Participant: 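Please find one structure pasted underneath; my questions will follow.
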Amino acid sequence: MSLARVALLGTARAGDDARTGTPVDRVVEAAADTPPERRVLLAAGALAVYRRAGYRPRVDVAPLVAPAPAEPLPACPRGAAAAIHDMLSEYRLELLPEAFQVLAGAGFRLPSSLLVDVLDLEDAEIRQAANPVLGERGRWLAAQRAAWSWAISLDRRPDIEDLRQAWEEGRLADRLDAIRHLRGIEPDRARDWIAGVWKGEPSDVRMSLVATLSDRLTPADADWLAIAIKDRTRAVRATAAALLARIAGSPVSARAIARADPLLGWSPQQGGMLVVRPPEAFEPEWDDDGLVARPPRGVGERAWWLTQAVALVDPRYWEGRFDATADAIATAAVQSEWALPVSEGLAHAAVLHDAGAWSAALWDAWISSAPERPGADVRAAGDMLARLFAHMPRGAAAARVPAVIDAAPLYDLDLEAALARFPAPWPESVGVAVLDAIEASLAAQGGPGAARLTALLRAGGRAVPVSLLDRAAAIAANPTAARALRAFDLFARQVALRVRLHQEMRS
Amino acid sequence: MMLTSEQVLALAPDRSSVAAARGLAAPRAWRSLGRSDDALWGECQGSALYQVRVDLSGPAWKCSCPSRKQPCKHALALMLLASAHPDVLTHATPPAWVADWLASRTRTAERPQKKPAAPPDPAAQARRAAQRFDRVREGIQGLDLWMQDLVRHGLATVDGAGRGPWEEQAARLVDAQAPALASRIRGLAYVPRSTADWAAELLGDLGRLALLTQAFGRLDVLPEPLAADVRQLVGWTLKEDEVVAAGDLVEDDWIVLGVWTDEDERFRTQRAYLRGARGARPAMVLQFAATGEPFADTLVAGTRFEAQLAFWPGAFPLRALVRERPSAATAVEGRLPGSASIASMLDDNAAALARQPWLGRLPCVLCDVVPARERDDTWWLIDRDRAALPLSERDGWPLAAIAGGHPIDVTAEWDGRVLRALYGRSPSDGETWTRPAR
């Protein structure tokens with residue numbers, strides 16, 4: 001019986017045979033005059049040391065994969081690798097896309113010591129940026145582990161069969177990704193697939209599916225949308241109606257114009273005045289086009305119907321109808337008797353029909369000429385302004401950044417969200433405006449500007465362009481009372497890491 | 001005489017004092033810090049500004065805080081601070097509030113006393129030492145009987161008994177002033193059911209404890225280095241000046257092979273493995289620090305520095321402290337010194353065990369090994385002769401990344417079961433991986 005078995009059962013039952021069949025037995029014989037249990041213990045102890053000293057390694061392990069191929073690209077300089085390592089360990093992951101782009105642009109790859117940490121990252125934007133700098137070693141690693149397979153498949157464009165498989169068998173998020181991807185390359189086939197499953201999907205899924213037709217919308221979609229617009233769920237009807245309203249010449253579009261036309265009139269005197277005649281009643285058939293009779297709390301019925309009716313019509317229609325410019329009509333709308341509901345309707349219309357010039361015009365008109373308004377209206381106006389700013393063309397938005405920063409406290413605008421419409425790195429003008437505002441805020445030392453300053457710091461640290469990094473670093477180095485803000489520490493840290501990376505890559 | 005942080009913490013009346021003291025042992029909590037040859041002082045900002053004095057010749061302390069605990073957390077913190085950041089306390093003449101207290105202590109010491117005061121009476125010291133030895137011997141006798149009982153009734157009886165019996169025996173050993181033995185017993189509580197082979201493993205651990213108690217019984221006939229090991233394994237510790245006095249002082253160009261750093265909410269522990277470039281002696285520097293505070297010696301894998309180390313006495317000397325470090329550390333160019341094959345590393349291991357059979361973790365540097373994964377997701381390091389040792393799973397992918405299927409050099413701890421990697425270096429491109437502090 002083995003020594004372990006003797007000990008497990010106990011010498012009282014299993015006897016006290018302390019022999020191991022190894023040279024240890026000779027040593028234990030020297031302890032012959034000790035109690036038997038002690039002899040078992042001593043034998044076991046000596047055997048444990050004997051075994052540990054005599055450990056034999058395995059000899060039949062062979063690697064599962066061939067060694068990695070050689071690297072065509074050089075690894076980035078050590079200093080840059082150290083900066084990226086700090087970004088990872090301090091969890092400043094938002095700085096990684098820029099860092100990877102700088103490496104890729106200079107023809108470098110990541111050193112092998114950073115690959116595991118980078119492959120473990122999950123953010124889609126970071127993965128996209130990391131792809132060119134993973135090197136052969138990165139792809140060799142990724143091929144061995146399912147969790148890292150993204151690094152192999154990013155290069156591959158999914159083909160129709162991959163999309164079909166995701167569409168038919170995937171989870172909801174994967175199905176929507178697949179259909180959106182297909183809509184981008186083969187819009188008609190995407191619509192056919194949606195039509196094929198339409199009846200069997202729950203209402204929230206139908207809502208997401210019909211919304212995908214917003215991309216690459218053409219008159220060819222009108223026939224199917226005419227079916228979707230009869231859906232039992234109101235939100236689906238409304239989305240389908242909005243899409244049909246975009247298709248010039250469709251019945252919905254014609255009805256929208258006919259509905260809205262009587263509501264707005266134009267008087268050319270004094271530069272142009274808008275006469276607003278909100279609907280007196282809600283016609284039952286408007287429900288078929290997705291309009292809602294009951295207004296939200298705090299909004300009047302007629303204002304609500306006015307907004308909805310105007311929202312479906314391409315705002316450029318009014319330019320022809322009144323023979324006036326977008327700026328003139330927008331200014332007149334803001335000064336009219338029903339300024340907020342009309343403006344909201346025109347704003348929705350500008351976004352729906354992608355009329356970028358109208359977004360800018362409405363924004364300008366509201367910011368420059370809106371009179372005092374009660375609290376609830378300011379919030380609604382703020383929402384409208386945020387939507388307009390996010391939609392207008394990039395150049396127009398960049399030019400209006402100083403005005404957004406100024407208007408933010410009054411309208412309670414989320415500056416961080418507004419600035420998020422500019423992908424990092426920002427155009428220089430946006431960076432300058434933000435840094436100017438940060439400096440002014442720091443000089444004014446707190447007060448009601450703290451929330452605005454926080455938003456600017458949080459947005460700016462990662463996004464100011466490289467040309468402005470030195471100026472940002474000077475701001476970060478300036479000792480002020482604002483250091484009590486956590487956002488300031490974040491800004492300083494982000495700027496410091498970015499400066500370091502760029503310096504290391506330049507040398 | 002400066003106390004080490006371990007010695008300071010040993011003075012603490014309870015664990016909450018330890019935690020509180022660590023929190024206060026940073027320069028920012030103190031003002032008016034200073035020291036003289038035999039005193040430390042400072043003012044600590046707590047709920048009020050407390051004046052703290054320490055007389056190193058005792059050690060004795062006096063703090064103006066109202067706490068009844070002795071020593072209070074402020075005194076502990078001042079001593080910890082002095083131990084970790086000696087340069088923060090500048091040499092100066094003691095201010096009045098310190099000098100007055102020191103003077104009153106001298107007066108107390110000079111008054112005729114029935115009991116001898118400092119310096120300690122060698123006779124009393126010898127009596128205390130003998131008392132401790134007797135207590136330990138009794139405790140070990142109790143342990144032996146307890147272990148033999150276990151074997152008689154069977155190890156199956158502790159399966160399912162939980163930690164209770166182990167904690168009880170450990171408490172008895174603490175009372176018997178054998179704390180290191182107590183720790184070992186406490187650790188065994190986790191073996192039952194931990195693996196399929198737990199009975200053999202537990203028996204082996206108990207067996208090695210029996211070898212230790214056997215050795216303790218023969219302390220006077222053991223060679224002195226091995227006797228020193230046995231004493232330390234039972235629970236006697238050496239203060240730093242005693243280690244230096246033991247005389248195993250080695251000057252060399254020390255290469256840091258790898259570092260293991262553990263961090264939890266309360267404190268940090270570090271094991272740094274070194275090897276002399278000229279004398280090829282292995283060394284392990286053990287350090288402690290409060291969370292958020294740096295270690296006294298900064299040791300980074302892949303660097304080297306000239307210094308004199310003092311080794312704890314033993315049959316296989318490994319633990320050492322850094323005495324003087326004349327130069328700053330520089331990076332090691334090229335490869336670390338290591339074993340050319342797994343077979344030679346295992347031979348070295350066996351030789352070490354032959355000298356001191358209770359060795360736990362041993363450091364090693366394996367040259368030219370390839371990290372490889374098997375179908376069952378276990379990881380291995382394979383050497384040029386195609387021998388393979390198990391590698392801790394956590395280290396697999398990071399080492400595979402720098403190796404790319406090609407041979408690399410790896411520093412690791414080997415415990416007889418699995419390798420835990422501390423540092424890896426690829427000779428082809430110089431890329432390295434260092435175990436992060438966890």
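Proteins come first, then strands; the chains are lettered A, B, ... in the order of their sequence lines, and each starts at number 1. Treat the numbers as computed from the prediction; the structure is a model and nothing was measured.
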Participant: By a 4.5 Å heavy-atom criterion (distance strictly below it), what part of B:L202 contacts chain A: side chain, backbone, both, or neither?
Facilitator: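 B:L202 has no heavy atom closer than 4.5 Å to chain A.
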Participant: Taking atom CG of B:L389 and atom OH of A:Y55, what is their separation to the nearest 0.5 Å?
Facilitator: 5.5 Å
Participant: What residue in B:A372, B:A210, B:A350, B:A400 has the most heavy-atom pairs under 4.5 Å with chain A?
Facilitator: B:A210
Participant: What is the minimum heavy-atom distance between B:G204 and A:A48, and which atoms define it?
Facilitator: CA-CB, 3.9 Å
Participant: Can you check side-chain contact (heavy atoms from CB on, under 4.5 Å) on B:R386 and A:V59, steps first, answer last?
Facilitator: CA-CA 6 Å; B:R386 307 216 13 173; A:V59 290; 5.8 Å; no
Participant: Heavy-atom distance under 4.5 Å to chain B: side chain of A:R51, backbone, both or neither?
Facilitator: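 A:R51 has no heavy atom closer than 4.5 Å to chain B.
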Participant: Heavy-atom distances under 4.5 Å only: say whether B:I382 touches chain A with side chain, backbone, both or neither.
Facilitator: side chain
Participant: Is B:I342 in contact with chain A via its backbone, its side chain, both, or neither, using a 4.5 Å heavy-atom distance?
Facilitator: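 B:I342 touches chain A through side-chain heavy atoms alone.
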Participant: Check A:V49 against B:P357 and note the closest heavy-atom contact, atom names and distance.
Facilitator: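 For A:V49 and B:P357, the tightest heavy-atom pair comes out as CG2-O, 3.8 Å.
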Participant: I need the A:L41 CG to B:D144 CG distance, nearest 0.5 Å.
Facilitator: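 Separation between the atoms: 8.5 Å.
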Participant: Output, in order, the C-alpha distance, side-chain angles, deciding distance and verdict of side-chain contact (heavy atoms from CB on, under 4.5 Å) for B:H153 and A:R13.
Facilitator: CA-CA 8 Å; B:H153 297 118; A:R13 272 191 288 169; over 6 Å; no
Participant: Indicate the atoms forming the closest heavy-atom contact of A:L8 with B:A199, along with that distance.
Facilitator: CD1-CB, 3.7 Å
Participant: Rounded to the nearest 0.5 Å, what separates atom CG in B:L399 from atom OG in A:S113?
Facilitator: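 Taking CG in B:L399 and OG in A:S113, the distance rounds to 11.5 Å.
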Participant: Provide the closest heavy-atom pair for B:W380 versus A:R58 in the form atom of the first, atom of the second, distance.
Facilitator: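 Closest approach of B:W380 to A:R58, heavy atoms only: CZ2-NH1, 3.0 Å.
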Participant: Enter the distance from B:I402:CD1 to A:R137:CZ here, rounded to the nearest 0.5 Å.
Facilitator: 9.0 Å
Participant: Given a strict heavy-atom distance threshold of 4.5 Å, which part of B:A352 is in contact with chain A: side chain, backbone, both, or neither?
Facilitator: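 No part of it gets close to chain A.
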Participant: Heavy-atom distance under 4.5 Å to chain B: side chain of A:P111, backbone, both or neither?
Facilitator: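 Interface part for A:P111: both.
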Participant: Does the side chain of B:W397 reach to within under 4.5 Å of the side chain of A:R145, using non-hydrogen atoms?
Facilitator: yes
Participant: So for B:T213, is it side chain, backbone, both, or neither that comes closer than 4.5 Å to the heavy atoms of chain A?
Facilitator: both
Participant: Which bit of B:W379 comes within less than 4.5 Å of chain A, counting heavy atoms only: side chain, backbone, both or neither?
Facilitator: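 Neither part.
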Participant: State, to 0.1 Å, how close A:L141 and B:A401 come at their nearest heavy-atom pair, and which atoms those are.
Facilitator: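 Scanning both residues, the minimum pair turns out to be CD1-CB, 3.6 Å.
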Participant: Evaluate whether atom CZ of A:R127 has more than 12 neighbouring non-hydrogen atoms of other residues, nucleotides or ligands under 6.0 angstrom away.
Facilitator: yes
Participant: Look at B:A200, B:A354, B:A343, B:A403 and state which one has the largest set of heavy-atom pairs under 4.5 Å with chain A.
Facilitator: B:A403
Participant: Taking A:P35, A:G45, A:P36, A:A4 one by one, which has the highest count of heavy-atom pairs under 4.5 Å against chain B?
Facilitator: A:G45
Participant: Around atom CZ of B:R335, are there more than 12 heavy atoms of other residues, nucleotides or ligands at under 6.0 Å?
Facilitator: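 Enclosed: over 12 neighbouring heavy atoms sit under 6.0 Å from CZ of B:R335.
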Participant: Below 4.5 Å, heavy-atom pairs only: which of B:G416, B:G154, B:G424, B:G404 has the largest tally toward chain A?
Facilitator: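 The candidate making the most pairs under 4.5 Å is B:G404.
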Participant: Go through A:A75, A:P67, A:A46 and name the one with the most non-hydrogen pairs under 4.5 angstrom from chain B.
Facilitator: A:P67
Participant: Search all heavy atoms of B:A387 against all heavy atoms of A:P57 and return the closest pair with its distance.
Facilitator: CB-CG, 3.9 Å
Participant: Check ring pair (Phe, Tyr, Trp, His ring centres under 6.0 Å) between B:W166 and all other residues, then give those that pass, not counting sequence neighbours.
Facilitator: B:W146
Participant: Are the side chain of A:R52 and the backbone of B:G360 linked by a donor-acceptor contact shorter than 3.5 Å?
Facilitator: yes
Participant: Who wins among A:V116, A:D60, A:V61 for the most heavy-atom pairs under 4.5 Å with chain B?
Facilitator: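 Among the listed options, the one with the most contacts to chain B is A:V61.
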Participant: Name the region of A:L47, side chain, backbone, both or neither, that has any atom closer than 4.5 Å to a heavy atom of chain B.
Facilitator: neither
Participant: Compare all side-chain heavy atoms of B:R375 with those of A:L64 and state whether any distance is below 4.5 angstrom.
Facilitator: yes
Participant: Check the surroundings of atom CZ in A:R171: do more than 12 heavy atoms from other residues, nucleotides or ligands lie under 6.0 Å from it?
Facilitator: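 12 or below, so no.
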Participant: When rounded to the nearest 0.5 angstrom, what is the spacing between CG in A:L42 and CG in B:L209?
Facilitator: 11.5 Å
Participant: I want to check something: taking the side chain as every heavy atom from C-beta on, are B:L145 and A:E37 in contact at a cut-off of under 4.5 Å?
Facilitator: no
Participant: Is it the backbone or the side chain of A:Q144 that comes under 4.5 Å from a heavy atom of chain B, or both, or neither?
Facilitator: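 A:Q144 touches chain B through backbone and side-chain heavy atoms alike.
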